[in-house]
Amino acid sequence: MSRRRFFRQSGVAALSTMLLASCDNILDKIIPSKKDKRDKTLAFFGDSLTIGTGGTRPFGDWVGDTFPERPVFNDGINGQIALSIAIRQGGVPLTLSVAGGKFDGGKPVTVTKLNNEFLSTPLNANVYSRTGMLAGVQCTITRKFLPEVGERYTVEPLAKSDPEAVAETPVAVEIPDGSIFELDDAVRLRTATQILWYGRNDIAEGRPETDILSAIKGSVDYIAEPRRYLVLGILPGATENKGTDRYAKLTAFNDQLAMLYGRSYVAMTPPTESEMNDIGFTPTASDLEDIAKGNFPRRMRAANNTDQIHLNNFGYQIVANRVIKKIRDLDY
């Protein structure tokens with residue numbers, strides 16, 4: 001090939017490449033990239049059902065197995081009512097007052113008033129804590145149960161544990177009564193796909209259904225647009241079968257949730273034959289009797305027969321698969 005011909009062809013190739021790149025840039029502007037830039041996190045908020053009590057893992061982890069590229073965040077505390085869950089999720093603001101009305105350097109200060117004891121449970125004495133912003137200061141709020149004094153909440157500036165930030169530790173920053181404590185997890189997860197399972201303990205304690213509805217609405221409204229969320233129905237207890245007043249009450253309430261949240265609602269109806277096949281569960285005659293009563297079979301419940309509420313791994317896999325299907329159907 002002659003030198004002249006080589007340079008001519010090379011110039012044409014270079015010009016073609018430049019034109020193609022230019023066209024690609026124009027097309028990118030006209031037709032936006034289809035790459036999904038949404039937050040991939042799957043955030044599960046609830047009570048003991050959310051963390052899989054009765055099974056070996058949170059049901060959200062079963063969901064995560066199907067979407068290994070998506071981070072999973074499980075936030076459940078045993079025995080909690082809907083309002084407490086909604087505060088942890090961010091849908092209801094957490095407000096508090098502290099002893100002395102101000103920070104005491106880097107020392108913990110005692111919380112004297114909370115609009116809800118959002119980390120409390122009557123079922124254990126575990127230490128629970130969350131980080132967040134209070135009066136412009138990054139803090140940790142901690143719940144402890146002390147046998148001699150009972151339950152105690154404190155707030156402590158995070159700067160105490162950061163050697164480089166000692167100089168910034170608040171000395172006497174005022175904390176007005178009723179100040180909002182903005183929870184870090186709640187803010188961070190506003191863009192996540194959220195799975196909300198509220199109300200089982202409210203029903204058990206005879207609390208007003210309006211409390212549950214209000215907590216769920218607050219949580220859904222708090223999620224960033226475009227909202228991606230699922231609302232799970234109330235799971236019937238082992239003895240809350242067709243023909244009982246409790247079953248009628250639960251069914252009526254779940255019908256309200258279905259009407260309010262439409263395709264974002266996940267029913268807690270008995271497992272179908274195909275659902276049981278999918279997890280390798282072969283029902284016995286007794287299981288089929290439970291299903292006919294409108295309930296999950298006993299063999300999908302916690303091994304402890306005194307536990308009338310919780311599921312075992314079979315039961316939680318049924319719930320997880322329903323959530324998985326909804327995530328796919330709704331393109332979450």
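Values below: every heavy atom of this structure, side chains too, minus hydrogens, waters and symmetry copies.
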Report task. Examine the side chains of E156 and T142 and answer whether a donor and an acceptor come within less than 3.5 Å of each other. Result -> no

Query - Chi angles and distances behind the side chain to side chain contact (heavy atoms under 4.5 Å, CB included) call for I234, D202 - result: CA-CA 10 Å; I234 306 291; D202 297 73; over 6 Å; no

Query raised in the report: Do I180 and L94 pass the side chain to side chain contact (heavy atoms under 4.5 Å, CB included) test, and can you show the C-alpha distance, the side-chain angles, and the key distance before you say yes or no?
Result: CA-CA 6 Å; I180 291 178; L94 172 65; over 6 Å; no

Query raised in the report: If you round to the nearest 0.5 Å, how far is CG of D329 from CD1 of I324?
Result: 11.5 Å

Query raised in the report: Could you go step by step and tell me if L42 and F73 meet the side chain to side chain contact (heavy atoms under 4.5 Å, CB included) rule?
Result: CA-CA 6 Å; L42 299 170; F73 177 87; over 6 Å; no

Query raised in the report: With N295, which of E240, R301, K242 fulfils side-chain hydrogen bond (donor to acceptor under 3.5 Å, both in side chains)?
Result: R301

Report summary line: Between N124 and N126 the two heavy atoms that sit nearest each other are OD1-N, 3.0 Å

Report summary line: So side chain to side chain donor-acceptor pair (under 3.5 Å) across residues 83-96, not counting sequence neighbours, yields D75-R88, Q80-R88, S84-N116, Q89-Q194, Q89-S219

Query raised in the report: V109 versus K102: any side-chain heavy-atom pair under 4.5 Å?
Result: no

Requested in this report: Determine, using the 4.5 Å side-chain heavy-atom cutoff (strictly less than), whether I87 and W197 are members of one ILVMFWY cluster.
Outcome: no

Requested in this report: Give a yes or no on whether L330 and V72 share a hydrophobic cluster (residues Ile, Leu, Val, Met, Phe, Trp, Tyr; joining criterion: side-chain heavy atoms under 4.5 Å apart).
Outcome: yes

Query raised in the report: Side chain of R228, backbone of D39: donor and acceptor closer than 3.5 Å?
Result: yes

Query raised in the report: Under 3.5 Å, side chain of S214 to main-chain N/O of D211, donor-acceptor pair present?
Result: no

Query raised in the report: Minimum heavy-atom separation for T53 to Y316, with atom names?
Result: O-OH, 2.5 Å

Query raised in the report: If you measure only the distance, is there a donor-acceptor pair under 3.5 Å linking the side chains of S274 and T272?
Result: yes

Report task. Using atom types as modelled and distance alone, determine if a side-chain donor or acceptor of N277 lies under 3.5 Å from a backbone N or O of G280. Result -> no

Report task. Tell me, yes or no, whether the heavy-atom count around E174 atom CD, taken from other residues, nucleotides or ligands under 6.0 Å, exceeds 12. Result -> no

Query - Non-hydrogen side-chain atoms of H310 and L49 separated by less than 4.5 Å - result: yes

Query - Flag side-chain contact, heavy atom, 4.5 Å: P270 against D290 - result: no

Listing, residues 54-64 side-chain donor-acceptor contacts under 3.5 Å, not counting sequence neighbours, or none:
from, atom 1, to, atom 2, distance (Å)
T56, OG1, N313, OD1, 3.3
T56, OG1, N313, ND2, 2.9
R57, NH1, D65, OD2, 2.8
R57, NH2, D65, OD1, 3.4
R57, NH2, D65, OD2, 3.4
D61, OD1, N74, ND2, 3.0

Report task. Starting at CG of L232, measure out to NZ of K326 and round the result to the nearest 0.5 Å. Result -> 10.0 Å

Query raised in the report: Do D47 and I81 have side-chain heavy atoms sitting under 4.5 Å apart?
Result: no

Report task. Taking all heavy atoms of Y222 and all of G91, pick out the closest pair and write down the distance. Result -> CB-CA, 3.7 Å

Report task. Show your reasoning for whether salt bridge (charged side-chain N to carboxylate O under 4.0 Å, His left out) applies to R188 and D185. Result -> CA-CA 5 Å; R188 176 174 61 86; D185 287 338; 3.1 Å; yes

Query raised in the report: Does the side chain of T284 reach to within under 4.5 Å of the side chain of R299, using non-hydrogen atoms?
Result: yes

Report summary line: Separation between CZ (F181) and CD1 (I175), nearest 0.5 Å, reads 9.5 Å

Requested in this report: Taking S97 for its side chain and G178 for its backbone only, find out whether a donor-acceptor pair lies under 3.5 Å.
Outcome: yes

Requested in this report: Determine the minimum heavy-atom distance between I141 and L119, stating which atoms define it.
Outcome: O-CD1, 4.1 Å

**Report entry** Validation row: K40, Y332 side chains within 4.5 angstrom (heavy atoms)
**Finding:** no

**Report entry** Euclidean distance, K217 NZ relative to T210 OG1, rounded to 0.5 Å
**Finding:** 14.0 Å

Report task. Verify the cluster assignment for Y265 and F44: are they in a single hydrophobic cluster under the rule of side-chain heavy atoms below 4.5 Å apart? Result -> no

Report task. Decide side chain to side chain contact (heavy atoms under 4.5 Å, CB included) for L311 and F296; before the verdict, give the C-alpha distance in whole Å, the side-chain angles of both, and the deciding distance to 0.1 Å. Result -> CA-CA 9 Å; L311 302 171; F296 274 65; 4.0 Å; yes

Report task. Please say whether more than 12 non-hydrogen atoms of neighbouring residues, nucleotides or ligands are located less than 6.0 Å from CG in L114. Result -> yes

Query - E182, CD: over 12 other non-hydrogen atoms inside 6.0 angstrom - result: no

Requested in this report: Over all heavy atoms of both residues, which pair between D287 and R298 is shortest? Give the atoms and the distance, please.
Outcome: OD1-N, 4.3 Å

**Report entry** Donor-acceptor contact present, side-chain S179 to main-chain P176, <3.5 Å
**Finding:** yes

Requested in this report: Taking all heavy atoms of T121 and all of R143, pick out the closest pair and write down the distance.
Outcome: O-NH2, 3.2 Å

Requested in this report: Rounded to the nearest 0.5 Å, what's the gap from CG on L213 to CG on L257? Could you check?
Outcome: 6.0 Å

Requested in this report: Flag yes if more than 12 heavy atoms outside E205 fall under 6.0 Å of its CD atom; otherwise flag no.
Outcome: yes

Requested in this report: Give, for atom CG of N201 and atom CD1 of I77, the distance between the pair rounded to the nearest 0.5 Å.
Outcome: 11.5 Å

Query - Sub-4.5 Å side-chain heavy-atom contact between L230 and I327 - result: yes

Query raised in the report: Going hydrophobic residue to hydrophobic residue with side-chain gaps under 4.5 angstrom, can you get from I85 over to L235?
Result: no

**Report entry** Linked, directly or transitively: L196 and M268 (ILVMFWY side chains, under 4.5 Å)
**Finding:** no

Requested in this report: Measure the shortest side-chain to side-chain distance between M276 and T282 over non-hydrogen atoms and say whether it is less than 4.5 angstrom.
Outcome: no

Query - Pi-cation contact, F145 with R152 (under 6.0 Å, within 45°) - result: no

**Report entry** Side chains of Q138 and D184, donor plus acceptor under 3.5 Å
**Finding:** yes

Query raised in the report: Are D245 and K249 ion-paired here, with the side-chain N under 4.0 Å from a carboxylate O?
Result: no

